[in-house]
Protein chains: 2
Amino acid sequence: MATIDDVAQRAGVSKSSVSRVLNGNFEYMSEEMKNKILAAIAEMNYSPNSLAQSLKKKKTKVIGIILSDISNPFWAEILKGAQEEANRCGYGIMVSSSNEDPELERDNILMLKSRQVDGVIINTIGNTNELFEEFIAKKYPFVLLDRLAGDMKADTVVVNNVNGAKQAIQYLIDQGHRRIGILLYPTNNKSPRIERLEGYKQALSMNGLPIDESLIKICDQNNGSGIQATQELLSMSDRPTAIFTTNARLNLEVLSGAKKAGLRVPTDVSIFGYDDFPWIPLLDPPLSTVAQPAYEMGVKAVALLIHRLESKKKMKPQIIQLEPKIIIRASCSSPVKIE
Amino acid sequence: MATIDDVAQRAGVSKSSVSRVLNGNFEYMSEEMKNKILAAIAEMNYSPNSLAQSLKKKKTKVIGIILSDISNPFWAEILKGAQEEANRCGYGIMVSSSNEDPELERDNILMLKSRQVDGVIINTIGNTNELFEEFIAKKYPFVLLDRLAGDMKADTVVVNNVNGAKQAIQYLIDQGHRRIGILLYPTNNKSPRIERLEGYKQALSMNGLPIDESLIKICDQNNGSGIQATQELLSMSDRPTAIFTTNARLNLEVLSGAKKAGLRVPTDVSIFGYDDFPWIPLLDPPLSTVAQPAYEMGVKAVALLIHRLESKKKMKPQIIQLEPKIIIRASCSSPVKIE
DNA sequence: ATGAAAGCGCTAACAG
DNA sequence: CTGTTAGCGCTTTCAT
């Protein structure tokens, strides 16, 4: 690999001059020298070693991103947005996954730091707060994704989950539903879960409907317990006429559960899901869902981070909240009378 | 950030010694010194700057991966496998996406090179061959993913597409189908597409069935043309009783197409898809598919790359071929008589 | 067994 | 306008 010295030699100039053109500091440079250098660079097909540049400049122009599960389409879409925005801005992206494991999350953060990434984007599990506090203290730039980390004041990109749930429930209520079940994972301090439940409750209250705890099903996260929860809901004597699920996996499980319970969707029971993907319209039946702007979340997170990295003046922590929107499909209808 | 000098100073030794323990060269070091240094490292919470290490050692322990579309679940799953295997081996992963654009692919490769990644994994579009030839000549390590690059001899991880298609078609034939349609994207020199078509033809021939070109539908890649192709197939006077689709997007479109044609699956027409994901069993109806070992492909690709990177002796190019397997679900049945 | 010194490829004062 | 020089943080001979 050619180095800057090789180029300098070939062009018959000093390497400082080469460095200058590399960095666009032509201001006081003669046209002739500039062209000579440009020619040499082109001829040798030279491209600077960013390791050396980074070591010197103390920034790498790479940002790290830690996701709980890359293969989850929601996160994959976010990653795509992040990656494309980063590339647009001349940044590289290093990925790693935490698998919802706080240990791994920690290790990954440390690994990325030792690789000198300029900043980190992370959908934190929430148990690593001391680390983030430390980051804030040391002014190490990071942005939180999707989940608020307690009361910590930090750059964050989230979507308005209260609103997403509220809209969905309101729609069901407008259709005539009065008893609406909800499936969710243990809230475990995770803001999206808390907020979706909150939105559910708010919508009911706003419409003067009671909140019936027996309609709120907390499902175990590591097996198809959503199927069973659905069956339980649907076998109640005063069963709900609609079910709202709060994440992509539960979407699938609730459909299975309804099938197993021998009920047709939406004839016998309406279903409203969360998250939208290309195959959702192809489900049986096509599912109404709360669609989150995943790609945009990735873009915004990177943009925010880079803005912070490159802005001279210190900006105070910023929370960007994006709006979800509901998409109505065939899985919801007016309720049947249940005798 | 603490540097190696800080540690040396604190431990009261030279930085060479610190470097030795960092790299595990204790062999000739006194226990006492070793412990002193270890203590200092721990106290200062020191972690070496890998930029500097890399610059010196001339390897970064990061590998680049270029995928056509990160948000495609197939590639996302591969990425996950790659990422996890890399992390296990102490490597980092830089991702970028080519969006099937040869220009972008080129730029990304060059970008990754200038960032000094130790090697690259790529599902090439196939038009960048001179670049790869150059890599081979310069001994720059890379492994090709999913797609063979012409006749180039290079490390590659693929799945046996001929076999995947053959198994699917054989299954349909065993069910009694004689006229089987196939939906695919323009082959465009892409080995998986070519091979799946080949497998289709082979299975037919092996069973003494004719190859009817009118049953082979090449679909445009950038719109829902699979829907229309399906409708066309199904409106033929001697329409096929089964349709085989050759990728994940066409899976969805063929189902739509059948619905629009007013036919029930599998009662009126059987469907066999390609690629398997968690939501496939939840489609209407649950789809039989050829499942590819995506996660394993990612793992194998980085394992192969790292093996090449770290092995002393030169190994000749290796092609790893994984086997797909068919998964039978409700979308296929015996054909009805068509009058 | 340990330290001194050179240098990886680049940038950025500082001179001139 | 251009070149010289001193590092960035680390590894690695080479001495001792």
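Both backbone and side-chain heavy atoms feed into the values below; hydrogens, waters and symmetry mates do not. Note on naming: letters A, B, ... go to the chains in the order of the sequence lines (proteins, then strands), and numbering restarts at 1 for each one.
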Query raised in the report: Using a 3.5 Å cut-off on both pairing distances, which stems of three or more Watson-Crick or G-U pairs include DNA chain C?
Result: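 Stems for DNA chain C, defined as runs of 3 or more consecutive pairs: C:1-16 with D:1-16.
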Query raised in the report: In Å, rounded to the nearest 0.5 Å, how long is the span from CE of A/Met152 to CZ of A/Phe132?
Result: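 Here the interatomic distance stands at 6.0 Å.
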Point-to-point distance, once rounded to the nearest 0.5 Å, from OG1 of A/Thr60 to CE of A/Met94: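 Answer rounded to 0.5 Å: 10.0 Å.
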Around atom CD of A/Glu32, are there more than 12 heavy atoms from other residues, nucleotides or ligands closer than 6.0 Å?
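No, not enclosed.
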Once you apply a heavy-atom cut-off of 4.0 Å, does [X] come out as touching a base, just sugar-phosphate, or nothing?
| X | value |
| --- | --- |
| B/Val18 | nothing |
| A/Phe26 | nothing |
| A/Lys15 | base |
| B/Ser30 | sugar-phosphate |
| A/Ser16 | base |

Self-check item: Nearest-nucleotide 5' precedence on DNA chain C, B/Leu55 against A/Asn25
Solution: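 Mapping each residue to its closest nucleotide by heavy atoms, the 5'-most match is B/Leu55.
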- Message: Quick check: on DNA chain C, is the nucleotide nearest B/Ala52 upstream (toward 5') of the one nearest B/Val13, or the reverse? Name the residue that is more 5'.
- Response: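 Closer to the 5' end of DNA chain C: B/Val13.
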Mark yes or no for whether A/Asn161, through its side chain, and A/Val159, through its backbone, hold a donor-acceptor pair below 3.5 Å.
->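 Yes, A/Asn161 side chain to A/Val159 backbone: donor-acceptor pair under 3.5 Å.
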Determine, for [X] against [Y], whether the closest basic-nitrogen to carboxylate-oxygen distance falls under 4.0 angstrom.
| X | Y | value |
| --- | --- | --- |
| A/Lys61 | A/Asp118 | no |
| A/Arg106 | A/Glu103 | no |
| A/Glu100 | A/Arg147 | yes |

[atom1] of [X] versus [atom2] of [N]: gap in Å, rounded?
| X | N | atom1 | atom2 | result |
| --- | --- | --- | --- | --- |
| A/Asn23 | C/dC10 | CG | P | 11 Å |
| A/Lys59 | C/dC10 | NZ | P | 18 Å |
| B/Lys34 | C/dG3 | NZ | C1' | 20 Å |
| B/Gln53 | C/dG9 | CD | P | 17 Å |
| A/Arg20 | C/dT11 | CZ | P | 11 Å |

With a 4.5 Å limit on heavy-atom distance, are the side chains of B/Glu84 and A/Asn99 in contact?
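Yes. Closest side-chain heavy atoms under 4.5 Å.
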- Are B/Gln53 and B/Lys56 close enough that some pair of their side-chain heavy atoms sits under 4.5 Å apart?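 No. Closest side-chain heavy atoms not under 4.5 Å.
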- Message: Under 4.0 Å from a heavy atom of chain A: give me the 5'-most and 3'-most nucleotides of DNA chain D that qualify.
- Response: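 With heavy atoms of chain A under 4.0 Å away, the range is D/dC1 to D/dG9.
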Requested in this report: Using a cut-off of strictly less than 4.0 Å, decide whether A/Asn49 has a side-chain nitrogen or oxygen near OP1 or OP2 of C/dC8.
Outcome: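 Negative; the distance criterion is not met.
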Kindly confirm or rule out a cation-pi arrangement of A/Lys80 over A/Tyr295, judged by NZ or CZ under 6.0 Å from the six-membered ring centre and within 45° of its axis?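 No.
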By a strict heavy-atom criterion of less than 4.0 Å, which residues belonging to residues 4-11 of chain B are in contact with DNA chain D?
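The stretch gives B/Ile4 as the residues lying under 4.0 Å from the strand, ordered by number.
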Can you tell which of A/Asp146, A/Ile65, A/Ile109, A/Asn108 makes a side-chain contact (heavy atoms from CB on, under 4.5 Å) with A/Ile122?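 Exactly one candidate clears the test, A/Ile109.
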For a quick check under 3.5 Å, do B/Asn87 and B/Gln83 share a side-chain donor-acceptor pair by atom type?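 Checked: B/Asn87/B/Gln83 side chains pair up, N/O donor to acceptor below 3.5 Å.
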